[in-house]
Amino acid sequence: MNTKIFTISVEDTASPAISEAAELLRNGGLVAFPTETVYGLGGNATDTEAAQKIYAAKGRPSDNPLIIHIASPEEAEQYAYTNETYYRLAKAFMPGPLTVILPKKDSIPQSVTGGLDTVAIRCPSHPLAQALIRAAGVAIAAPSANRSGSPSPSCGAHVIHDLNGRIDAILSGGECEIGLESTIIQLCDNKATLLRPGAVTADALRCVCEEVAISPAVTEGLQENERPLSPGMKYRHYAPRLPLVLLDGDEDCVLSFLLHAQNAEKCVILCYREETEYLRNERLIDIGGKQELNEQAHRLFAALRAADGMDADIIYAHLPPKDGMGLALYNRLIRAAAHTVLQV
Ligand code: TXA
Ligand code: MG
């Protein structure tokens with residue numbers, strides 16, 4: 001398949017590329033587009049065939065449901081049974097990097113929700129995503145626009161690398177500001193449960209919802225025979241080709257471990273900016289300032305892709321803290337590392 005690639009700047013919401021992409025979506029085609037979190041691979045959310053094409057293009061198991069993207073929070077009414085908490089969250093965080101899971105209405109086919117009777121709703125703030133959804137005139141079902149198992153794409157080049165030739169079009173609109181996928185909160189049975197941490201932190205959610213439980217799967221592996229709240233939890237995600245090991249310990253101990261490792265083995269090191277003056281490894285990747293968790297999030301997936309392309313035997317990275325934005329980094333890295341943590 002010949003994939004049309006439109007290179008477009010973030011502000012260019014009036015570009016003819018948007019109308020062309022919207023037309024493709026209305027006709028059942030697939031279009032990848034930027035959001036403030038990561039790029040999405042979009043198809044008409046009410047079209048079963050479009051959903052099937054999304055699963056095929058990604059190589060994704062069809063029991064792993066898709067997120068429905070809308071242009072304004074009220075549009076959720078067409079697709080889900082909303083509640084008061086949804087609107088409180090919407091007021092605080094939408095448009096933005098938050099996905100809310102609600103009981104679904106019949107307008108969304110089961111093929112989109114992997115057979116579940118709930119649906120994930122997200123209203124992205126990225127100007128091109130907003131313009132595309134409005135121009136399409138339909139909600140857009142979109143998982144992250146990567147091949148299943150590789151890191152989510154945080155810039156147009158990642159999408160082109162993974163999906164060129166497999167979908168109808170790519171709106172290549174630069175780097176995603178946040179770089180990690182949206183926070184997912186489930187609102188069902190009067191309970192709020194955080195299923196995936198993201199830029200809307202657990203503390204921020206707790207300012208709006210009184211009680212937010214954090215699903216144990218956010219930090220731990222699924223227990224044997226445990227039924228995941230989110231089907232995505234059961235798949236190995238963001239799996240680099242090289243083994244990834246996370247280092248836990250005092251700053252000084254981690255640094256001396258790395259100083260030794262870079263001489264002893266062929267390793268890629270994802271390090272803090274402050275460490276670059278001490279580490280002199282040719283396979284060093286600066287992940288951002290030690291305290292700059294937003295910057296680290298922004299750079300993480302590109303760093304993992306770059307690390308994986310290097311001639312090495314192993315990747316080392318710091319174990320992130322578990323609070324604030326750290327929890328989102330922790331969640332992505334611990335899964336990419338298949339829970340391999342080394343105490344140093
Ligand atoms: O930032 C994001 O959320 C990006 C952009 C494109 O919006 N999308 C994204 O989609 O990350 P995806 O498909 O890669 O991840 C969605 C996760 C999956 O783990 C899926 O299992 C879960 O959301 N999910 C979707 N619908 C669900 C539902 N009804 N119940 C529980 N989990 C659900
Ligand atoms: Mg994904």
Option from K58, M1, R147 for which side-chain contact (heavy atoms from CB on, under 4.5 Å) with R166 holds
R147
Q296 side chain to G289 main-chain N or O, any donor-acceptor pair under 3.5 Å?
yes
Passes side-chain contact (heavy atoms from CB on, under 4.5 Å), Y39 versus L171? Steps please.
CA-CA 9 Å; Y39 276 73; L171 288 180; 5.8 Å; no
Check whether any side-chain heavy atom of H298 lies under 4.5 Å from a side-chain heavy atom of N294, and answer yes or no.
no
For I269, which of I285, N281, L247 qualifies under side-chain contact (heavy atoms from CB on, under 4.5 Å)?
N281
Below 4.5 Å, heavy atoms only, C-beta onward: do T219 and I334 meet side chain to side chain?
no
Looking at side-chain heavy atoms only, is the closest gap between L279 and L259 below 4.5 Å?
yes
Quick check: does any side chain N or O of D168 sit under 3.5 Å from a backbone N or O of L30, one acting as donor and the other as acceptor?
yes
Tell me whether R60 contacts the main-chain N or O of I54 through its side chain, where contact means a donor paired with an acceptor under 3.5 Å.
no
Closest approach of G173 to V10 (non-hydrogen atoms, all atoms of both residues)
O-CG2, 3.9 Å
Between the side chains of T35 and R122, does any donor sit under 3.5 Å from an acceptor?
yes
Determine, using the 4.5 Å side-chain heavy-atom cutoff (strictly less than), whether I133 and L66 are members of one ILVMFWY cluster.
no
Check for me, please, whether V208 and I214 land in the same ILVMFWY cluster - side-chain distances under 4.5 Å, paths through other members count.
yes
Please assess D286 against R273 for the test salt bridge (Lys or Arg N to Asp or Glu O under 4.0 Å), listing each intermediate value before the final yes or no.
CA-CA 5 Å; D286 172 359; R273 172 138 334 120; 2.7 Å; yes
Is there a side-chain contact between V112 and T46, using heavy atoms and a 4.5 Å cut-off?
no
E211 side chain to K191 main-chain N or O, any donor-acceptor pair under 3.5 Å?
no
Using a 4.5 Å cut-off on heavy atoms from C-beta on, say whether the side chain of C209 contacts that of L89.
yes
Out of curiosity, I101 CD1 to T193 OG1, how far, rounded to the nearest 0.5 Å?
9.5 Å
On a heavy-atom basis, the closest approach of P103 and L187 is CD-O, 4.2 Å
Looking only at atom types and distance, does a side-chain atom of R305 sit under 3.5 Å from a main-chain N or O of S150, one as donor and one as acceptor?
no
Judged by modelled atom types alone, do E177 and H126 share a side-chain donor-acceptor pair under 3.5 Å?
no
Would I8 and I18 count as a side-chain contact (heavy atoms from CB on, under 4.5 Å) here? Give the steps.
CA-CA 9 Å; I8 175 170; I18 299 276; 4.1 Å; yes
Evaluate whether atom CG of N190 has more than 12 neighbouring non-hydrogen atoms of other residues, nucleotides or ligands under 6.0 angstrom away.
no
Can you establish whether the number of heavy atoms outside D106 located under 6.0 Å from its atom CG is more than 12?
no
Could you check whether S154 and R299, counting side-chain N and O atoms only, form a donor-acceptor pair closer than 3.5 Å?
no
If you compare all heavy atoms of G324 against all heavy atoms of T201, which two are closest, and at what distance to 0.1 Å?
C-CG2, 3.6 Å
Output, in order, the C-alpha distance, side-chain angles, deciding distance and verdict of salt bridge (Lys or Arg N to Asp or Glu O under 4.0 Å) for E84 and R88.
CA-CA 6 Å; E84 194 220 336; R88 267 192 283 142; 3.4 Å; yes
Answer yes or no: is there a side-chain heavy-atom contact under 4.5 Å between L132 and L25?
yes
Could you tell me whether the side chain of Y316 reaches within less than 4.5 Å of the side chain of Q262, counting heavy atoms only?
no
Does E210, at its CD atom, have more than 12 non-hydrogen atoms belonging to other residues, nucleotides or ligands within less than 6.0 Å?
no
No-hydrogen, no-angle side-chain donor-acceptor test under 3.5 Å, S182 and T99
yes
Are M94 and F33 joined in one hydrophobic group, where the rule is that I, L, V, M, F, W and Y side chains link up if heavy atoms are under 4.5 Å apart?
no
For the student: nearest non-hydrogen atoms of P34 and L128, plus distance
CG-CD1, 3.8 Å
Measure from the side-chain N and O atoms of E274 to the backbone N and O of K290, and report whether any donor-acceptor pair falls under 3.5 Å.
yes
If every non-hydrogen atom of A141 is compared with every non-hydrogen atom of A45, which pair is closest and at what distance?
N-CB, 3.6 Å
Distance col, row H161:NE2 vs C155:SG, nearest 0.5 angstrom, shows 11.0 Å
Mind checking the CG-CG spacing from D117 to L102? Nearest 0.5 Å is all I need.
12.0 Å
Hey, what do you get for CD1 (I140) to CD1 (I67), rounding to the nearest 0.5 Å?
13.5 Å
For residues 127-143, which residue pairs qualify under side-chain hydrogen bond (donor to acceptor under 3.5 Å, both in side chains), counting only residues two or more places apart or in two chains?
Q130-R134
Aromatic ring proximity, centroids under 6.0 angstrom, H318 and Y272
yes
Check the pair R332 / L304 against side-chain contact (heavy atoms from CB on, under 4.5 Å), numbers first and verdict last.
CA-CA 11 Å; R332 305 316 189 271; L304 284 178; over 6 Å; no
For the residue pair S125 / E36, report whether a side-chain donor-acceptor contact shorter than 3.5 Å exists.
yes
Polar side chain donor-acceptor pair, S62 to Q52, under 3.5 angstrom:
no
Check for a donor-acceptor pair, side chain of D250 on one end and backbone N or O of D252 on the other, with a separation under 3.5 Å.
no
Quick check: are there more than 12 heavy atoms from other residues, nucleotides or ligands sitting under 6.0 Å from CD of E265?
yes
Sub-4.5 Å side-chain heavy-atom contact between Y86 and N83
yes
Does I167 offer a backbone N or O that forms a donor-acceptor pair with the side chain of T3 under 3.5 Å?
yes
Rounded to the nearest 0.5 Å, how far does CG of L327 lie from CG of L293?
11.0 Å
To the closest 0.5 Å, what do you measure between CG (D311) and CZ (R283)?
6.0 Å
Quick one: do the S144 and N146 side chains pair a donor with an acceptor below 3.5 Å?
yes
Is NZ or CZ of K104 both nearer than 6.0 Å to the six-membered ring centre of Y79 and within 45° of the ring axis?
no
Give a yes or no on whether the backbone of V200 and the side-chain of T183 come within a donor-acceptor separation of less than 3.5 Å.
yes
Please answer: with hydrophobic residues joined when any side-chain heavy atoms are less than 4.5 Å apart, are L258 and L242 in the same cluster?
no
Does L270 share a hydrophobic cluster with V341, counting links as ILVMFWY side-chain heavy atoms below 4.5 Å and allowing steps through other members?
yes
Does any N or O in the side chain of S107 come within less than 3.5 Å of the main-chain N or O of Q78, such that one atom is a donor and the other an acceptor?
yes
Can you tell me if Y278 has over 12 outside heavy atoms packed within less than 6.0 Å of its OH?
no
For I5 against S172, the heavy-atom pair lying closest together
CG2-CB, 4.5 Å
Take N331 and E181 through the side-chain contact (heavy atoms from CB on, under 4.5 Å) test and state the conclusion after the steps.
CA-CA 11 Å; N331 169 263; E181 309 87 340; over 6 Å; no
